[in-house]
2 protein chains.
Amino acid sequence: MPGDAIRAALIRRLRISSAIADEDIKEIEALPISVREYPAETAVVRDGERATNCCLIADGFCARSKTIASGKRQILSLHIPGEIPDLMSLFLHVMDHDLSTLTAATLGFISHETLQKLHRRRPVVAEMFWRDTLIDAAMFREWIVNVGQRPAPARLAHVMIELRERLRIIGRVDGTSFEMPLTQEQVGEALGITAVHANRVIRQLREEGIVELHRGRVTVLDERKFLELADFDGRYLHQSPTL
Amino acid sequence: MPGDAIRAALIRRLRISSAIADEDIKEIEALPISVREYPAETAVVRDGERATNCCLIADGFCARSKTIASGKRQILSLHIPGEIPDLMSLFLHVMDHDLSTLTAATLGFISHETLQKLHRRRPVVAEMFWRDTLIDAAMFREWIVNVGQRPAPARLAHVMIELRERLRIIGRVDGTSFEMPLTQEQVGEALGITAVHANRVIRQLREEGIVELHRGRVTVLDERKFLELADFDGRYLHQSPTL
DNA sequence: CCCCGGTTCCAACAAAAGTTAAGGACGCCT
DNA sequence: AGGCGTCCTTAACTTTTGTTGGAACCGGGG
């Protein structure tokens, strides 16, 4: 049954930021999930749509974004397996942004109704999910700082390290390299710069022997320089449930 | 009793985004709140601190911000009376940013413990507060877009209009003008530009007869041009509880 | 196998924003 | 009234980023 692996990924991730009781795990494991495959570069939910489900990433990468009147697009966050990128739609039914796949992905859908019922039955689970949406917001805050205050090379390094720290938790970092399946166009949209400038910045970091980004994969060349450039403090990820 | 006016402001605001039952209003009115006065430009909670209370703005303006290693500061949001800017601390106990006053302010503090108990008693109230934190996140998303994709003059106009729409709800817009008590330094920190450039942009909008910002007060000179420049779509404020 | 479309890469030029430096306005305190 | 400090204002100059246009690369489909 494919749903099982999905549920396991979710539970593993929730454990990182909250402490869960066994009965609650059972409840989550019993959640009805309908699975669906998506090709790369496809909209899952669109800005303005009314959502009735939340979507759990079983496999693949997703991104959230907003497009303004001038046609420019801003990527707001990247999402990896085990995450529920549109949990917010549970109470904000009309989407205020897009959710789309970056790579081919398999997604599990859980209806809002099911989740609401679970929350009434198990307030602790509700709090866990609430906390998850709060971490989501914390990541947005850091993203604002990144786009607003850091020079472009540091912005790129920071996004890379954030992604790496999250991938590490699900065992998806392979030595000095990990996946970041964005085109340079999309890197630009994430950093608030043009694709041309994204290319310049990527090249600069390569030439300085700090980090390489090639075909959707990041390879760190000099960890010390990389960390120093990124100015990364992972506290905002709130990965410790004890605090 | 000073607490009453505070509670009333909170309830009025919650009503905008959620439908509330009478019993729930009674519960909120019964919440123990300890009131405290703050001078302008003072930290309320600091990045890294452990919070045990949430803070309700009774009067005055506040802002949330983060400071990076290089010393640069990014303002993340502005807050007005009736709001609870650090509701997120309820489940993210260690602050990942600063909350400080912009003007002299009177703040009401509600302990996390009290709120948790209320949530267990009244899950609907918990959902209301949850929804509030989700709207907070929606505002962060729009802030990312603003800083990442809009040219500086549009950024300024957008922040102004967002603030105006929120002030309007609490009856704080006076014809074509409203309060925005930021120094030009702070305007720069909000928009992700330097104070010098903030000055340039403010002057430009004044010279073009669009909007005037003087001594912490915005006066709109040409509403049509102002709206057009800002590219504002208020959907992200999620002000309709019916949707 | 080659062609095609989307990336990646690059250079030259234009525009936006940052830096530095300095004078002016204004409120506040004595 | 005078002095002081903060904010605002402006100019000249530098750096970063955007724009335009084009060449090279690469993978998939005919």
Side-chain angles (χ1 to χ4, degrees), chain A residues 39-42 63 68 70-75 100-104 146-157 179-208 211-219 229, chain B residues 39-42 61 63 68 70-75 101-104 146-159 179-208 211-219 229:
Chain A
E41 298 286 340
T42 312
I68 64 175
S70 71
K72 286 170 191 250
R73 197 170 87 117
Q74 173 69 44
I75 290 180
S100 39
T101 61
L102 288 168
T103 63
N146 203 40
V147 169
Q149 298 297 337
R150 280 190 263 261
R155 279 187 222 180
L156 177 56
E179 263 187 281
M180 181 163 132
L182 302 188
T183 64
Q184 293 189 354
E185 177 81 44
Q186 291 163 337
V187 170
E189 288 170 349
L191 306 184
I193 60 180
T194 58
V196 173
H197 196 52
N199 179 272
R200 275 198 280 254
V201 171
I202 290 167
R203 170 167 40 134
Q204 190 194 324
L205 296 196
R206 189 192 331 114
E207 284 171 354
E208 289 177 357
V211 70
E212 171 119 15
L213 173 56
H214 189 62
R215 324 201 122 275
R217 179 158 276 272
V218 178
T219 307
L229 175 63
Chain B
E41 300 285 340
T42 311
F61 285 72
I68 64 175
S70 71
K72 288 173 190 246
R73 197 170 86 119
Q74 174 69 46
I75 290 180
T101 61
L102 288 168
T103 64
N146 203 41
V147 169
Q149 298 298 337
R150 279 190 262 263
R155 278 186 222 180
L156 177 56
H158 195 279
V159 167
E179 262 185 281
M180 180 162 133
L182 302 189
T183 65
Q184 294 190 353
E185 177 81 43
Q186 291 164 336
V187 170
E189 288 170 348
L191 306 184
I193 60 180
T194 59
V196 173
H197 196 53
N199 179 275
R200 277 197 279 254
V201 170
I202 291 167
R203 171 167 39 136
Q204 189 194 323
L205 296 195
R206 189 193 330 115
E207 284 172 354
E208 290 176 356
V211 69
E212 171 118 18
L213 173 57
H214 189 62
R215 325 198 119 273
R217 178 158 276 271
V218 177
T219 307
L229 176 63

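We name chains A, B, ... by the order of the sequence lines, and we start the count at 1 in each one.
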With a 4.0 Å cutoff (strictly under), does any side-chain N or O of Arg200(B) reach OP1 or OP2 of dT9(D)? no

Grab the two heavy atoms, one from Asn146(B) and one from Ala154(B), that are nearest each other, plus how far apart they are. OD1-O, 4.2 Å

Would you say Arg206(A) places a side-chain N or O within less than 4.0 Å of OP1 or OP2 belonging to dC9(C)? yes

Nearest whole angstrom, please: distance from the P of dT17(D) to the NZ of Lys72(A). 14 Å

Indicate whether the side chain of His197(B) and that of Arg200(B) have a donor and an acceptor atom separated by less than 3.5 Å. yes

Atom-to-atom span, NE2 of His197(B) to C1' of dT9(D) - whole angstrom: 15 Å

Could you check how far NE2 of His214(B) sits from P of dC8(D), rounded to whole Å? 10 Å

Closest nucleotide of DNA chain D for Arg215(A) versus for Thr194(A): which of these residues is on the 5' side? Thr194(A)

Send over the distance from Leu213(B) CG to dT9(D) P, rounded to a whole Å. 9 Å

Under 4.0 Å between a side-chain N or O of Asn199(A) and OP1 or OP2 of dC9(C)? yes

Distance-minimising heavy-atom pair for Ala40(A) and Thr101(A): C-OG1, 3.5 Å

Contact check, side chains of Leu156(B) and Val211(B), non-hydrogen atoms, under 4.5 Å: no

Spacing of Arg150(B) atom CZ relative to dT17(D) atom C1', expressed in whole Å: 19 Å

In whole angstroms, how far is the P atom of dG5(D) from the CD atom of Glu185(B)? 18 Å

Considering all heavy atoms of both residues, which atom of Glu189(A) and which atom of Gln74(A) are nearest to each other, and what is their separation? O-NE2, 3.0 Å

Whole angstroms only, please: what is the CZ-C1' distance between Arg203(A) and dT7(C)? 16 Å

Would you kindly give the CG-to-C1' distance between Leu156(A) and dT16(D), to the nearest whole Å? 16 Å

Heavy atoms under 4.0 Å, any strand shown: does Ala195(B) hit a base, just sugar-phosphate, or nothing? nothing

Between Ala198(A) and Thr183(B), which has a closest nucleotide on DNA chain D that is more 5'? Thr183(B)

Scan Gly192(A) against the nucleic acid and name what it touches under 4.0 Å (heavy atoms): base, sugar-phosphate only, or nothing. sugar-phosphate

